[in-house]
Amino acid sequence: MNEIRQADGELAHLPKEAVNRLTASFARFLHFEVAAAAVLLLATVAALVLSNSPWAHHFLEAWETQVGFQIGTLHFVRSLRDWINDGLMTLFFFLVALELKRELVLGELKHPRVAALSIASALGGMVVPAGVYLALLWGRPGETGWGSVMATDTAFVLGCLALLGSRIPQSLRVFMLSLAIVDDLGAILVLAIGYSSNISWGALSVGVLGLASVRIMALAGVRSTPVYLLVGCFVWLAVDVSGIHATVTGVILGLLTPARRWVSDERLYAILRQVVAHPARDEGSGHTRDRETLRVAEIAARETLSPVERLERALHPWVGFVIMPLFAISNAGLRLAFGDLNASVVVAVFAGFALGKPIGVFTFSWLAVRSGLAVRPPDLDWRLIAGGALLAGIGFTMALFIGNLAFGAELIDSAKVGIFLGSIFSAGAGLALLMWSTRRALREADLN
């Protein structure tokens, strides 16, 4: 009887192959947020080194290579860098919207007063930095770059928190993730409103119809991913032609993705109980009852996860380890010729991240809690929020993204220097404060 149980236990798992040792190790690697931040950092360093090497001209010119296609009278031709920024980054914003949708429906943000804390802090982290920036550059060259200091880099912030391990509570990670997600979405709205021009309302109407068809298909029960992918590409093209930045499409499609699963656990178990083992001698591919039962079980097992969760799992490795590094290496290139920099822009960008971000995040969080609009988790004290507020000044990815649109060729390098300096300062100051806070908390606990 014990032998039977042991045999059943072995059969209850998927077969093991030699390659599983490699894939299992790689899967564990992907689960560490610090890994994605490390790859992004390496890509950034590579871009800086190559842009100041003997091959700098070839490196920078390669991203300006024109690639595209034509549909009738419509020409979709742009540089490699623009395809990365406008096309691949749409998937990044799609993933950001999926994470927000999951948190709103299934996670911590489904509780309104908990969500209010992250939303208020994100609002402060957008308004105050932009105000600091404008106060320093009002009426001067670079004034229109205020949007570049509004967003927080999710990957680097989570990477910094991962370095602290179990010394910080999970509530701080949830708070910072929610803040960064709301922050990114706010930056996208700013991008759509503040940095779009010559809007074609006809093309925009076509895009809206495409989005409406996505919602109708979801309500009708259409579950084919290729169909949604095709419609999503059509919407992206329409929005791109309209003059609004096409990455907005990723945000809207992400928020439209269902967060509820189709098959419950009870139904899955009932279906699995109907699975009939294949006879050992039957290796044919005919349409048998056994195969139909297995097909239904396969669909049921897949559909116990919501579309939001499935898409998140599928996209995380591609966004974290391919799209974001590609974006960094194509946009972070900077010739280190400091004599050509505009000091006012460098200072304004730095001040926006290093001063505006922490002041805005902390102040708006405090006001939201004091007014009763939001609640603060018991293990998330104000010292931890202050450390997180400093980390929120890491604005690398979105700052470069908006900066490329907001600054002209004569000021973009100055903005990049401000972004780099502000992000480095924020990371160092935030980590230092959080390490000090956790050590002090441990000493206080020992004394008590």
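Quick caveat: nothing in here was measured; it's all calculated off a predicted structure.
Closest of all the heavy-atom pairs between Pro325 and Ala43 is O-CB, 3.5 Å. The two residues Ile84 and Phe327 come nearest to each other via the heavy atoms CG2-CA, 3.9 Å. Of all non-hydrogen atoms in Leu60 and Arg81, the two that sit nearest each other are O-NH2, 4.2 Å. Taking both residues in full, the closest heavy atoms of Pro258 and Pro307 are given as O-CD, 3.5 Å, listed atom of the first, atom of the second, then distance. Trp83 and Val67 make their closest contact through NE1-O, 2.7 Å (heavy atoms, listed as atom of the first residue, atom of the second, distance). In terms of heavy atoms, Ser121 sits closest to Leu179 at OG-CD1, 3.3 Å.
Judged purely by atom type and a 3.5 angstrom limit, Ser148 uses its side chain to pair as donor or acceptor with the backbone of Gly145. Proximity of a side-chain donor or acceptor of Asp153 to a complementary backbone N or O of Ile394 within less than 3.5 Å is not detected. Side chain of Arg383 to main chain of Gly387: no donor-acceptor pair is present (N/O by atom type, distance under 3.5 Å, no hydrogens or angles). Not a single donor-acceptor pair under 3.5 Å links the side chain of Lys101 to the backbone N or O of Gly254. Using modelled atom types, one side-chain atom of Arg167 and one backbone atom of Leu164 make a donor-acceptor pair closer than 3.5 Å. In this structure a side-chain-to-backbone donor-acceptor pair under 3.5 Å is missing from Tyr133 to Val128. Checking side-chain atoms of Gln66 against main-chain N and O of Glu64 turns up a donor-acceptor pair under 3.5 Å. At least one donor-acceptor pair closer than 3.5 Å links the side chain of Ser423 to the backbone N or O of Gly395.
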(request) Give the intermediate values and the outcome of side-chain contact (heavy atoms from CB on, under 4.5 Å) for residues Phe234 and Val206. (result) CA-CA 9 Å; Phe234 172 78; Val206 173; 3.4 Å; yes
(message) I'd like to know whether Ser365 forms a side-chain contact (heavy atoms from CB on, under 4.5 Å) with Phe175, so could you lay out the CA-CA distance, the side-chain angles of the two residues, the decisive distance to 0.1 Å, and finally the verdict.
(response) CA-CA 11 Å; Ser365 298; Phe175 170 72; 4.0 Å; yes
(request) Determine, stepwise, if the pair Leu137 / Ser344 fulfils side-chain contact (heavy atoms from CB on, under 4.5 Å). (result) CA-CA 7 Å; Leu137 282 184; Ser344 299; 3.7 Å; yes
(request) Go through the steps to decide whether Ile329 and Phe59 satisfy the test side-chain contact (heavy atoms from CB on, under 4.5 Å), and finish with yes or no. (result) CA-CA 10 Å; Ile329 202 168; Phe59 170 72; 4.2 Å; yes
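Taken to the nearest 0.5 Å, the OG atom of Ser414 stands 5.0 Å off from the CG atom of Asn342. Atoms CG and CG, from Leu373 and Leu367 in turn, are 9.5 Å apart once rounded to the nearest 0.5 Å. Taken from CG in Leu41 to CZ in Phe396, the straight-line distance is 8.5 Å, to the nearest 0.5 Å. Rounding to the nearest 0.5 Å gives a distance of 12.0 Å between CE of Met176 and OG of Ser171. Rounding to the nearest 0.5 angstrom, the gap separating the CD atom in Glu99 from the CD1 atom in Ile181 is 4.5 Å. The NE2 atom of His316 lies 8.5 Å from the CG atom of Leu98; values are rounded to the nearest 0.5 Å.
Here Arg102 does not pair with Glu309 in a salt bridge; the nearest charged N to carboxylate O distance is not below 4.0 Å.
Within 6.0 Å of CH2 on Trp382 lie more than 12 heavy atoms contributed by other residues, nucleotides or ligands. The environment of Arg113 atom CZ is dense: over 12 non-hydrogen atoms of other residues, nucleotides or ligands sit within 6.0 angstrom.
Side-chain atoms of Lys357 and Thr152 form a donor-acceptor pair, as typed in the model, at a separation below 3.5 Å.
Paired with Ser213 under the rule side-chain contact (heavy atoms from CB on, under 4.5 Å), one option of Val231, Val208, Val235, Val222 passes, and it is Val231.
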Under 3.5 Å, sequence neighbours excluded: what are the donor-acceptor pairs made by side chains of residues 85-96?
unit_1, atom_1, unit_2, atom_2, d
Asn85, OD1, Asn331, ND2, 2.9
Asn85, ND2, Asn331, OD1, 3.1
Asp86, OD1, His245, NE2, 3.1
Asp86, OD2, Arg78, NH1, 2.7
Thr90, OG1, Asp86, O, 2.7
Thr90, OG1, Gly87, O, 3.2
Thr90, OG1, Trp236, NE1, 3.1

